[in-house]
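The structure displayed is predicted, hence computed values, not measured ones.
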Amino acid sequence: MRPAIRRAATAATATTVLLGGIALSASPALASPAGAGSCTKNIKDRTLHAPNLTWPAVHERAGAKYKVVAYVESAEAFRAKCTAKSRAGNLWYYGYIESGPGYGKRGWVYSGNF
């Protein structure tokens with residue numbers, strides 16, 4: 001009877017270890033929003049408003065040299081999810097436009113524009 005109990009305990013332990021390993025590999029240390037592969041720091045959702053008479057550009061990646069996908073209209077909102085620094089050392093926010101004509105567009109905006 002002892003060998004049967006030992007085999008059952010060994011199987012249960014192996015299953016637990018396997019499932020734990022799968023869970024660890026599926027949950028990265030820094031969870032980034034979808035499409036935000038360059039994020040280096042998650043932040044509490046933060047709504048930024050474009051100052052009056054400015055139209056901050058929303059870029060594909062963190063950096064002014066990357067393609068502009070939309071603009072945050074003057075006095076409209078941008079919801080930031082995480083941050084990263086460009087190669088030039090500037091802080092950028094990743095998120096999406098919350099209001100205005102570009103509603104829902106995702107990308108990176110330079111923090112100095114807010």
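Take Lys85 and apply the side chain to side chain contact (heavy atoms under 4.5 Å, CB included) test, not counting sequence neighbours, and it matches Leu91. Applying the ring-ring contact (aromatic ring centres under 6.0 Å, His included) test to Tyr71 and every residue at least two apart in sequence or in another chain returns nothing. By the side chain to side chain donor-acceptor pair (under 3.5 Å) test, Asp45 is found to be paired with Arg79, Lys81, residues two or more places apart in sequence or in another chain being considered. Under the rule for a side chain to side chain contact (heavy atoms under 4.5 Å, CB included), the partners of Asn113 that lie at least two apart in sequence or sit in another chain are Pro56, Tyr110.
In plain terms, the two heavy atoms of Cys39 and Ala84 that are nearest each other are CA-CB, 4.3 Å. Shown here for Thr47 and Glu98, the closest heavy-atom pair between the two residues is CG2-OE1, 3.2 Å. Summarising the geometry of Ser86 relative to Ala62, their closest heavy-atom pair is CB-O, 3.7 Å, with the distance given to 0.1 Å.
Cluster membership for Tyr103 and Val72, using ILVMFWY side-chain heavy atoms within less than 4.5 angstrom, is not shared. Hydrophobic clustering (ILVMFWY, side-chain heavy atoms < 4.5 Å, transitive): Tyr96 and Ile43 are in distinct clusters. Under the 4.5 Å side-chain heavy-atom criterion for grouping Ile, Leu, Val, Met, Phe, Trp and Tyr, Val109 is not connected to Tyr66 through any hydrophobic cluster. Criterion: ILVMFWY side-chain heavy atoms under 4.5 Å apart, direct or through other members. Under it, Tyr93 and Ile97 are part of a common hydrophobic cluster.
Inter-residue side-chain proximity for His59 and Trp92 is flagged as met; some heavy-atom pair is nearer than 4.5 Å. Side-chain atoms of Val68 and Val58, non-hydrogen and from C-beta on, never get closer than 4.5 Å to each other. A 4.5 Å side-chain heavy-atom check between Phe78 and His49 finds every atom pair outside the cut-off. Put simply, the side chain of Trp108 reaches to within 4.5 Å of the side chain of Ser38, judged on heavy atoms.
Applying the salt bridge (Lys or Arg N to Asp or Glu O under 4.0 Å) test to pairs two or more places apart or on separate chains, none has a residue in residues 65-78.
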